[in-house]
Amino acid sequence: MADKANQAAAPIAGAADEAVEADEVEILEAPARGSVDELLDAGAHDELDAMRHSTAHVMAEAVLDLFPGTKLGIGPAIADGFYYDFELPRALTPDDLSAIEARMRESVSANHPFVRKEVPFDDGRAAVEGQGQGYKVEILDDLASKAKEAGEPSPTITFYEHGPFSDLCRGPHVASTGKIGPFKLLSVAGAYWRGDAKRPALQRVYGTVWAGQEALDAFLWRRAEARKRDHRKLGVQLDLFSFHDVSPGAPFFHPKGQLLWRLLEGSMRELQGRRGYLEVATPIVVSERLWRQSGHWDLYKEHMFLVESENQTFSLKPMNCPESTFIYRSRKRSYRDLPLRYNEYGRLHRNELSGALSGLTRVRQFVQDDAHIYVRPDQLMAEIQALLGEVREAYGWFGLTPRFSFATKPDKAIGDPALWERAERLTMEAFAASDISYELKPKDGTFYAPKIDIYIDDALGREWQMATIQIDLTMLPERFDLTYDDETGEGVRPIAIHRAMYGSLERFIGILIEHFAGAFPLWIAPVQAIVIPIADRHVEPAEELASVLRSRGLRVEVDGSNNRMQNKIRLAQEQKVPYMLVLGDREIEAKTAAPRTRAGEQQPAESWDSLADRLAAEAAARGG
RNA sequence: GCCGACAUAGCUCAGCGGUAGAGCAGCUGUUUCGUAAACAGCAGGUCCUCGGUUCAAAUCCGAGUGUCGGCUCCA
């Protein structure tokens with residue numbers, strides 16, 4: 001992102017350089033003011049970035065003013081705002097943030113111009129060192145050594161000044177502090193200098209700034225909305241799952257959460273059955289010998305849970321792939337056997353850092369809807385095409401539109417280059433044949449496989465990486481010595497495709513909760529309809545109606561409590577039950593029901609049977 | 001793992017050195033109601049755990065556990 005921003009900013013910086021020759025000093029023009037949408041439409045994202053970066057400078061000015069002696073780290077523009085890393089004598093509190101914000105507003109009101117100064121390297125380094133800004137000195141020394149490696153002299157460096165504040169900075173900036181739009185400081189968090197746990201921990205202050213008040217408000221609304229939809233909160237509210245300290249990083253699924261899980265799993269099983277997958281199950285506790293053979297032992301050991309027994313070391317499997325090869329090799333395979341599609345709902349354990357755990361999205365154990373497909377090289381393209389179709393179908397169940405990326409051979413890759421070339425070409429042809437566009441990510445594949453990643457944007461416009469398809473040319477086939485006999489009886493290596501559609505079921509459920517804000521589509525709603533009898537005398541008919549609906553496979557509850565109807569509706573609404581069926585004298589007499597949807601829509605009354613047929617059909621159709 | 005914050009009833013939170021509180025949920029009773037909260041009563045807590053300071057600790061200090069915000073989107 002920052003790289004992109006910097007590249008995009010390059011022409012501006014170039015123009016500035018020319019002006020510098022004429023005048024020594026260049027003031028960059030401020031971006032045109034307007035809504036963020038206008039800026040984006042105008043392709044002016046980098047100008048918004050310039051403003052964000054400028055705001056970071058103003059924040060640094062304020063912090064330096066309030067906490068003299070503060071050492072500055074870096075302060076870039078980021079996706080929705082900016083941050084700056086500081087080394088401070090004490091931890092910042094929320095009150096400090098307000099004080100910093102107030103001080104920043106003064107600087108903005110003063111409308112200090114941003115002034116660009118270009119100085120020879122050594123002078124700049126001396127100045128920074130004189131200010132006691134050790135981190136900046138380190139940045140400069142890195143620049144110098146990089147230049148030296150490239151056989152170039154130390155570069156000229158630039159400072160940006162506004163008012164009393166001066167900072168080593170590549171720019172660009174807005175013309176003056178007054179051009180900074182409405183902003184807000186958001187949070188403070190720890191961050192290592194250069195992301196390195198061995199280096200000092202700095203305090204990172206995050207803020208956001210936008211071109212206009214509406215844009216800031218919209219951002220803050222999205223942020224608040226995301227908080228409301230937080231799956232950790234909704235999971236408790238909707239009684240789907242809970243977490244307990246006896247097993248950090250692992251959810252306890254309640255009946256409704258487990259039901260949701262089984263519906264997702266069932267739907268995928270149905271698709272896989274149609275596509276000729278064969279479900280397998282492999283052991284969870286596996287000898288370390290397997291991981292030595294697969295190569296995971298060296299690379300992944302510290303993330304594995306180890307178990308000792310009778311002088312042997314076992315691990316809880318962190319991935320399924322090596323084990324499916326044992327099934328492949330359990331008998332001699334013929335070219336006629338392929339493609340062989342093994343799918344497995346395997347429970348995996350990965351010992352993530354305790355600080356990295358978070359709800360359902362970062363867990364220590366999860367289930368992957370994994371599959372390993374062994375194909376002949378001549379079957380590769382057709383199989384990829386089929387897989388792309390599977391992705392589209394499965395994501396369609398949730399009304400999600402998948403986006404695809406394709407990552408090709410990295411520099412340090414293993415395996416036959418000709419095979420790589422062929423696999424990449426066939427994959428691109430499969431995309432073309434499926435009429436699917438994709439983003440090409442050159443050299444971004446894994447060391448053993450070109451890789452297709454699938455992304456979605458959720459209801460709040462957040463991007464999530466979901467499914468993945470890896471075309472494994474060498475890892476499983478070579479390391480586990482997989483072969484099949486071709487027409488001439490000669491042993492040939494198959495290609496192994498690793499694929500997961502949901503990825504981790506846990507994470508997928510977390511994303512669905514946030515995407516739908518807990519209001520699941522009918523087909524996965526744990527309770528699809530609730531019958532609400534108005535008075536006691538209506539409870540028995542309510543049970544009758546529920547039976548009719550249940551006989552069509554619908555998941556139905558009856559609220560037989562002595563609450564008032566209004567309260568029953570409110571509770572059902574809070575549980576995001578798709579259909580509420582209020583039953584009183586009128587309905588019972590006519591044997592009808594008039595559904596109220598959770599959106600508050602009142603649907604016309606219809607007979608119990610036709611209602612049951614309609615809802616059952618809606619559920620069977622899946623779809624978000 | 002590291003930095004910072006937080007941990008009080010099932011949930012959301014108040015109390016911040018002097019015997020533990022509210023709303024919601026729960027239970028019991030009354031109410032039988034027409035599309036987002038009927039009324040009353042009752043019950044509910046090793047104030048995360050362990051240690052320390054103090055006449056006295058939910059409150060202050062230390063350690064542990066868990067949760068939350070982060071830990072290159074690089075001048």
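Please read these numbers as outputs of a predicted model, since none were measured by experiment. Values reported hereafter were calculated over all heavy atoms of this structure, with side chains retained and with hydrogens, waters and symmetry mates removed. To find a chain, count down the sequence lines: A is the first, B the second, and so on, and within it residues start at 1.
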Taking RNA chain B as the partner, which of residues 237-259 of chain A come within under 4.0 angstrom of it by heavy atom?
-> A/Asp245, A/Pro248, A/Gly249
By nearest-heavy-atom nucleotide on RNA chain B, the more 5' of A/Ser561 and A/Leu92 is A/Leu92
Base, sugar-phosphate, or nothing for A/Glu587, non-hydrogen atoms under 4.0 angstrom?
-> base
Quick one: label A/Lys198 by what it contacts on the DNA or RNA (base, sugar-phosphate, nothing), any heavy atom closer than 4.0 Å.
-> nothing
Which part of the nucleic acid, if any, lies within reach of A/Asp85 when heavy atoms closer than 4.0 Å are counted: base, sugar-phosphate only, or nothing?
-> nothing
Residue A/Tyr206, side-chain heavy atoms: nucleotide from B/rC71, B/rA36, B/rC74 that is nearest | B/rC71
Any residue of residues 526-545 of chain A with a heavy atom less than 4.0 Å from an atom of RNA chain B | A/Ile534, A/Ala535, A/Asp536, A/Arg537
Take atom C1' in B/rG26 and the same atom in B/rC11, then report the distance between them in whole Å.
-> 12 Å
Which one, B/rG34, B/rG69, B/rC2, comes nearest to the side chain of A/Tyr192?
-> B/rC2
If the P atom of B/rC71 is compared with that of B/rG64, how far apart are they to the nearest Å?
-> 24 Å
Judged by modelled atom types alone, do A/Trp608 and A/Glu544 share a side-chain donor-acceptor pair under 3.5 Å?
-> no
Select base, sugar-phosphate, or nothing to describe what A/Leu357 touches, counting heavy atoms under 4.0 Å on all strands.
-> sugar-phosphate
Against the side chain of A/Met565, the closest entry in B/rC71, B/rU35, B/rU32 is B/rU35
With sugar-phosphate meaning primed atoms plus P, OP1 and OP2, does A/Gly124 contact a base, only sugar-phosphate, or nothing at under 4.0 Å between heavy atoms?
-> nothing
Pairwise C1' distance, B/rC55 and B/rC68 [rounded to whole Å] = 38 Å
Looking for any heavy atom pair under 4.0 Å, which part of the strands does A/Asp142 touch: base, sugar-phosphate only, or nothing?
-> nothing
Think A/Arg362 has a side-chain N or O under 4.0 angstrom from the OP1 or OP2 of B/rU67?
-> no
Separation between the C1' atoms of B/rU30 and B/rC6, rounded to whole Å = 43 Å
Which residue, A/Gln602 or A/Leu571, contacts RNA chain B at a nucleotide closer to its 5' end, judged by nearest heavy atom?
-> A/Leu571
Using only side-chain N and O atoms of A/Arg570, determine if any of them is under 4.0 Å from OP1 or OP2 of B/rA37.
-> no
